[in-house]
Number of protein chains: 2
Amino acid sequence: MLAKYQNWLRDHGLKATKNRMMMLEVLDEDHKFLSAEEIYQSLIEKASNLSLSTVYRSMESLVEVGLVSPVNLETSKQTLYELSHTEHAHHLICMSCQKVIHVHGCPVASYEKQIAKEHQFTVREHKLELYGYCQECSTK
Amino acid sequence: MLAKYQNWLRDHGLKATKNRMMMLEVLDEDHKFLSAEEIYQSLIEKASNLSLSTVYRSMESLVEVGLVSPVNLETSKQTLYELSHTEHAHHLICMSCQKVIHVHGCPVASYEKQIAKEHQFTVREHKLELYGYCQECSTK
DNA sequence: GTAGGTGCAAAGAGTTTGCATACGC
DNA sequence: GCGTATGCAAACTCTTTGCACCTAC
């Protein structure tokens with residue numbers, strides 16, 4: 001898994017530094033979108049001299065080579081990051097615990113075509129997010 | 001139109017001040033989402049002593065009483081504002097000129113139910129945005 | 001007249017940048 | 001060894017807040 005990332009980075013002219021590998025690991029483990037600050041916090045123990053600006057700069061690079069995707073949710077004013085998924089997916093976002101559930105499959109494709117025709121609009125991408133409460137938080 | 005807003009404000013314990021009415025007017029006229037800064041800029045001529053913080057504070061109040069909705073688009077890091085629509089709508093966002101086209105009708109309803117069942121997730125609201133290029137910008 | 005609204009300036013959050021040093025390849 | 005990556009501090013942008021004055025009702 002990590003070796004894959006290493007190669008991908010090198011193939012795209014980026015060095016596979018400790019910091020970057022650790023950040024990718026954190027993003028890989030956690031099932032939330034993470035803010036730069038959160039990534040920083042979860043690494044500061046292992047890498048005591050890591051700096052927040054390195055996290056920002058790394059996210060920028062990783063986004064550029066397509067390993068990471070940035071997201072702006074309505075529930076947070078910070079930019080959040082997740083590993084890019086090759087498969088198109090949508091998100092269920094828990095408004096209580098911020099957990100993000102990925103859902104594959106997409107109900108929008110045919111709608112997109114219809115819209116494109118009706119409004120002479122060239123659709124490049126779309127974003128569908130469902131906000132609500134996950135099983136655990138609803139039962140509380 | 002404006003009288004409606006006046007009553008709505010008063011009914012919700014807010015005063016119908018000149019500033020607020022002008023802001024609602026700007027939001028009503030323009031067919032983009034507007035940032036606080038843009039609202040400020042389009043009013044500064046008529047209201048030379050308006051301050052940006054008043055725009056922020058007004059948006060906050062107007063959002064609270066439901067006249068205005070805040071939006072975080074992927075294309076802007078600022079919070080943008082639009083008049084709340086009683087009718088559920090989705091958005092086509094032009095990545096070139098930032099124009100926003102409102103589209104009524106929603107393909108997500110049945111999908112939502114299916115998801116709710118599959119993932120034991122209580123959906124409260126959703127957001128669907130299509131990013132691409134409007135007719136004018138595509139032909140350029 | 002009074003409570004809520006506003007302008008101004010200052011403070012806060014989140015993010016970016018300049019520069020000298022360190023590290024991957 | 002070369003060039004990218006990093007740490008630190010400072011700058012920057014967007015947004016919020018404190019306080020004295022003002023205005024809608």
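Order of the sequence lines sets the chain letters (A, B, ...), proteins ahead of strands, with each chain counted from 1. From a predicted model like this one, the values you see are computed outputs, not experimental measurements.
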If hydrophobic clusters are built by linking Ile, Leu, Val, Met, Phe, Trp and Tyr wherever their side-chain heavy atoms come under 4.5 Å apart, do Leu27(A) and Leu14(A) end up in the same one? yes
Please list every donor-acceptor pair under 3.5 Å in which a side-chain atom of residues 108-117 of chain A meets a protein atom from a residue at least two apart or in another chain.
unit_1: Glu112(A); atom_1: OE2; unit_2: His126(A); atom_2: ND1; d: 2.4
unit_1: Gln114(A); atom_1: NE2; unit_2: Glu118(A); atom_2: OE2; d: 3.2

Under a 4.5 Å side-chain heavy-atom rule over Ile, Leu, Val, Met, Phe, Trp and Tyr, are Leu43(A) and Leu80(A) clustered together? no
Is the ring pair His88(B)/His90(B) parallel, tilted or perpendicular, if the boundaries are 30 and 60 degrees? perpendicular
Using a heavy-atom cut-off of under 4.0 Å over every strand shown, decide if Thr79(A) touches base, sugar-phosphate, or nothing. sugar-phosphate
Output the residues of residues 39-60 of chain B in contact with DNA chain D, where contact means a heavy atom of the residue under 4.0 Å from an atom of the strand; sort by number or write none. Leu52(B), Ser53(B), Tyr56(B), Arg57(B)
Check for me, please, whether Val65(A) and Val26(A) land in the same ILVMFWY cluster - side-chain distances under 4.5 Å, paths through other members count. yes
Taking the side chain as every heavy atom from C-beta outward, state whether Val71(A) and Tyr81(A) have any pair of such atoms under 4.5 Å apart. no
Does a side-chain heavy-atom distance below 4.5 Å link Met21(B) with Leu9(B)? yes
Validation row: Met95(A), Thr122(B) side chains within 4.5 angstrom (heavy atoms): no
Going by atom type alone, with no hydrogens or angles, which donor-acceptor pairs under 3.5 Å involve a side-chain atom of residues 48-55 of chain A and a protein atom two or more places apart or on another chain?
unit_1: Ser51(A); atom_1: OG; unit_2: Ser53(A); atom_2: N; d: 3.4
unit_1: Ser51(A); atom_1: OG; unit_2: Ser53(A); atom_2: OG; d: 3.0
unit_1: Ser51(A); atom_1: OG; unit_2: Thr54(A); atom_2: N; d: 3.4
unit_1: Ser51(A); atom_1: OG; unit_2: Thr54(A); atom_2: OG1; d: 3.4

Given axes from five pairs at either end, by how many degrees does the helix from dG1(C)-dC25(D) to dC25(C)-dG1(D) bend, rounded to 10°? 40°
Distance (rounded to the nearest 0.5 Å) between Phe33(B) CZ and Thr75(B) OG1: 9.0 Å
Starting from the C-alpha separation in whole Å, work towards a yes-or-no answer on side chain to side chain donor-acceptor pair (under 3.5 Å) for Tyr131(A) and Glu129(A). CA-CA 6 Å; Tyr131(A) 292 87; Glu129(A) 287 158 6; 2.6 Å; yes
Does the side chain to side chain contact (heavy atoms under 4.5 Å, CB included) test come out yes or no for Leu130(B) and Arg124(A), once each step is laid out? CA-CA 8 Å; Leu130(B) 306 184; Arg124(A) 276 294 157 77; over 6 Å; no
Students should find that the nucleotides of DNA chain D closing off the region near chain B, any atom under 4.0 angstrom from a heavy atom, are dC14(D) to dC25(D)
Does Lys77(A) or Met23(A) map to a spot on DNA chain D nearer the 5' end, using the closest nucleotide for each? Met23(A)
Shorter than 3.5 Å, N or O on both sides, protein versus nucleotides 23-25 of chain C: list them out with atom names.
unit_1: dG24(C); atom_1: N2; unit_2: Lys15(A); atom_2: NZ; d: 3.4
unit_1: dG24(C); atom_1: N3; unit_2: Lys15(A); atom_2: NZ; d: 3.4
unit_1: dC25(C); atom_1: OP1; unit_2: Arg10(A); atom_2: NE; d: 2.8
unit_1: dC25(C); atom_1: OP1; unit_2: Arg10(A); atom_2: NH2; d: 3.2
unit_1: dC25(C); atom_1: OP1; unit_2: Ala16(A); atom_2: N; d: 3.0
unit_1: dC25(C); atom_1: OP2; unit_2: Arg10(A); atom_2: NH2; d: 3.0

Lys/Arg-Asp/Glu bridge criterion (N-O < 4.0 Å) met for Lys32(A), Glu38(A): no
To the nearest angstrom, the CG-P distance between Asn72(B) and dG14(C) comes to 14 Å
